[in-house]
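Contents: one structure, followed by commentary.
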Amino acid sequence: MKRKLKKVGIALFLVLIAIQFYQPALNQNPGQDYTNDFLITTNAPSNISKLIKTSCYDCHSNNTEYLWYDYVQPARMFVESHIKEGKEELNFNEFGSYSNRKQQSKLEAISKQIKSGEMPLSSYTILHHNAVLNETQKQEIITWINSINESNSLSED
Ligand code: HEC
């Protein structure tokens with residue numbers, strides 16, 4: 001019995017080593033075009049820009065700032081799947097290319113997700129403490145989102 005457990009242990013260890021070699025492409029695009037970037041097109045104030053970049057851009061943009069443990073499997077697979085799903089739903093780098101209607105609905109979704117605390121994902125903030133938004137910061141972002149939502153440029157369809 002003991003011997004069998006040892007074998008299982010060794011097998012698991014080898015699997016763990018083997019999966020380290022699976023490293024999908026990184027979500028990094030240096031030199032990309034930022035003309036449609038949300039924070040740039042809306043002329044976001046620097047405090048708001050910093051908060052959104054820190055808390056949201058790793059999963060909702062074309063450039064993720066990876067930490068060393070993001071490269072360790074199986075974490076890497078979770079990270080990449082979150083980025084893929086997150087970008088499909090909302091890519092801040094491409095926000096300006098969305099239709100007005102889509103921009104409008106995404107702005108509402110952003111406020112909702114921040115207010116409810118669903119975003120940034122808690123599985124992410126466990127290791128990225130600096131991405132946690134406190135109540136004041138949440139309110140700051142929501143107030144700013146409401147102000148751009150009310151501005152003419154976006155409210156006309
Ligand atoms: C760890 C990655 C990650 C981070 C960080 C993150 N998101 Fe997300 N986000 C996702 C994933 C994955 C989805 C899609 C699945 C879901 O809704 O849970 C998503 C979905 C969304 C949606 C839903 C889109 C829709 O139209 O319903 C919004 C809005 C959103 N995120 C906003 C934000 C905002 C704002 C932040 C920062 C405060 C943020 N997210 C941070 C991964 C992330």
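Remember, it's 1-based here, ligands and their atoms both numbered in the order they're listed. Only a predicted model underlies this, so the values are computations on that prediction, with no experimental measurement involved. Heads up: numbering here begins at 1 and tracks the sequence.
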Suppose we measure from [atom] to each protein heavy atom; which comes out shortest, and what is that distance?
atom: atom 37 (C) of ligand 1; result: Cys56 SG, 1.9 Å
atom: atom 15 (C) of ligand 1; result: Glu85 OE1, 3.5 Å
atom: atom 23 (C) of ligand 1; result: Gln113 NE2, 3.9 Å
atom: atom 11 (C) of ligand 1; result: Gly86 CA, 3.7 Å
atom: atom 41 (C) of ligand 1; result: Ser55 O, 3.5 Å
atom: atom 19 (C) of ligand 1; result: Met119 CE, 3.2 Å
atom: atom 4 (C) of ligand 1; result: Cys59 SG, 3.3 Å

Looking at [X] and [Y], would you say the former's side chain and the latter's main chain have a donor-acceptor pair under 3.5 Å?
X: Thr125; Y: Ser122; answer: yes
X: Ser147; Y: Trp144; answer: yes
X: Ser55; Y: Ile52; answer: no

For atom 14 (C) of ligand 1, tell me which residue out of His128, Glu89, Lys53 has the closest non-hydrogen atom.
Glu89
Out of Lys138, His82, His60, who is nearest to atom 12 (C) of ligand 1 when you count heavy atoms only?
His82
Provide the number and element of each atom of ligand 1 under 4.0 Å from a heavy atom of Lys106.
24 (C), 25 (C), 26 (O)
Atoms of ligand 1 less than 4.0 Å from Pro120 heavy atoms?
5 (C), 38 (C), 41 (C)
Side chain to side chain donor-acceptor pair (under 3.5 Å) partner of Tyr57, the single match among Asn63, Asp37, Asn93, Asn62:
Asp37
Here the pair of heavy atoms bringing Leu90 nearest to Phe95 is CD1-CD1, 4.1 Å
How far apart are the closest heavy atoms of Tyr66 and Asn27, and which atoms are they?
OH-N, 2.7 Å
Less than 4.0 angstrom from a charged side-chain N to a carboxylate O is my criterion; do Arg76 and Glu80 meet it?
yes
With heavy atoms and a 4.0 Å threshold, my read on which part of Glu88 contacts ligand 1 is neither
Counting only heavy atoms closer than 4.0 Å, does ligand 1 sit against the backbone of Ile110, its side chain, both, or neither?
both
If we only count N/O pairs under 3.5 Å, is Tyr124 in contact with ligand 1?
no
Evaluate the criterion side-chain contact (heavy atoms from CB on, under 4.5 Å) for residue pair Gln73 and Gln23; output intermediate values, then yes/no.
CA-CA 8 Å; Gln73 293 289 19; Gln23 294 287 334; 4.2 Å; yes
Output, in order, the C-alpha distance, side-chain angles, deciding distance and verdict of side-chain contact (heavy atoms from CB on, under 4.5 Å) for Cys56 and Phe92.
CA-CA 9 Å; Cys56 320; Phe92 282 118; 3.6 Å; yes
